[in-house]
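A quick write-up on the structure given underneath.
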Amino acid sequence: MLELYIDTIEKLMKELSEYEKKGLDTSSLRLFLKNLKTFQKLQKIEESRYGQLLSFSEKLGIIKTFLEDKKAFPRIKDVIEFANNELSLNFVDQKEARDVTIRRILNRIEETPELKEKMKIAVLNIRNQKVHKKSYNNKREQESAVSFSKWAEILRNL
């Protein structure tokens, strides 16, 4: 069912491209489409979890999606701090692109599978800290807490 919605939105985006050239802002629709695709991936993962065990590469794909989540990690600096503080990866250079940094983290997890377990524990701890916080300074902190809560449930079963 979601595939039908995704296809419809993609067709709509193509039809709106002419108006984009004239100044129509479709960034919100693009973001919604990206979120819908991510949700679809997570739904498939959730369904497959009950039907079969996930391979290590599929688990890495889930971890990649987690690290790409901009609500959990709004800035590249946040991804690097998570990798350094929680996974002890000691990344120094912060001038790389987000996807390059995520790829480097995934490569380290492939080399040292124990990091996957360390990540699960770290996400659960961060979730507990953020969810049990009395008040949030801004909307971003609240979204981050909700996102970590969602990811803690997903990663717990990897």
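Throughout, numbering of the chain's residues begins at 1 and tracks the sequence.
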Within the distance-only criterion (no hydrogens, no angle test), does the side chain of [X] pair as donor or acceptor with the backbone N or O of [Y] below 3.5 angstrom?
| X | Y | value |
| --- | --- | --- |
| Asn84 | Leu89 | no |
| Thr65 | Gly61 | yes |
| Ser17 | Lys14 | yes |

*asked:* Among residues at least two apart in sequence or on other chains, which ones pass salt bridge (charged side-chain N to carboxylate O under 4.0 Å, His left out) with Glu117?
replied: Lys120
Within this structure, what is the [atom1]-[atom2] distance for the pair [X] and [Y], rounded to the nearest 0.5 Å?
| X | Y | atom1 | atom2 | result |
| --- | --- | --- | --- | --- |
| Leu87 | Glu81 | CG | CD | 13.0 Å |
| Ile102 | Asn107 | CD1 | CG | 12.0 Å |
| Ile109 | Lys59 | CD1 | NZ | 12.5 Å |
| Phe32 | Phe39 | CZ | CZ | 10.0 Å |
| Ile105 | Lys64 | CD1 | NZ | 12.0 Å |
| Ile9 | Leu29 | CD1 | CG | 6.0 Å |

*From CA spacing to verdict: salt bridge (charged side-chain N to carboxylate O under 4.0 Å, His left out), Glu10, Lys37*: CA-CA 11 Å; Glu10 286 175 340; Lys37 287 179 179 179; 2.7 Å; yes
Just to verify, what does [X] make a side-chain hydrogen bond (donor to acceptor under 3.5 Å, both in side chains) with, not counting sequence neighbours?
| X | result |
| --- | --- |
| Arg30 | Glu20 |
| Ser57 | Ser55 |
| Asp7 | none |
| Glu15 | none |

*Carefully, step by step, assess Arg127 and Trp151 under the rule side chain to side chain contact (heavy atoms under 4.5 Å, CB included).*
CA-CA 9 Å; Arg127 187 245 352 230; Trp151 282 109; over 6 Å; no
_Heavy-atom count check: over 12 atoms from other residues, nucleotides or ligands less than 6.0 Å from Lys71 NZ?_
no
*asked:* Quick one about Lys70 and Ser147 (side-chain donor to acceptor, distance below 3.5 Å, no hydrogens or angles considered), yes or no?
replied: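 Per modelled atom types, Ser147 and Lys70 side chains form no pair under 3.5 Å.
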*Hey, mind stepping through Lys118 and Ser88 against side chain to side chain donor-acceptor pair (under 3.5 Å) and telling me if it holds?*
CA-CA 10 Å; Lys118 197 172 183 180; Ser88 305; 3.2 Å; yes
*Check side chain to side chain contact (heavy atoms under 4.5 Å, CB included) between Leu24 and all other residues, then give those that pass, not counting sequence neighbours.*
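Listed in chain order: Leu16, Tyr19, Thr26.
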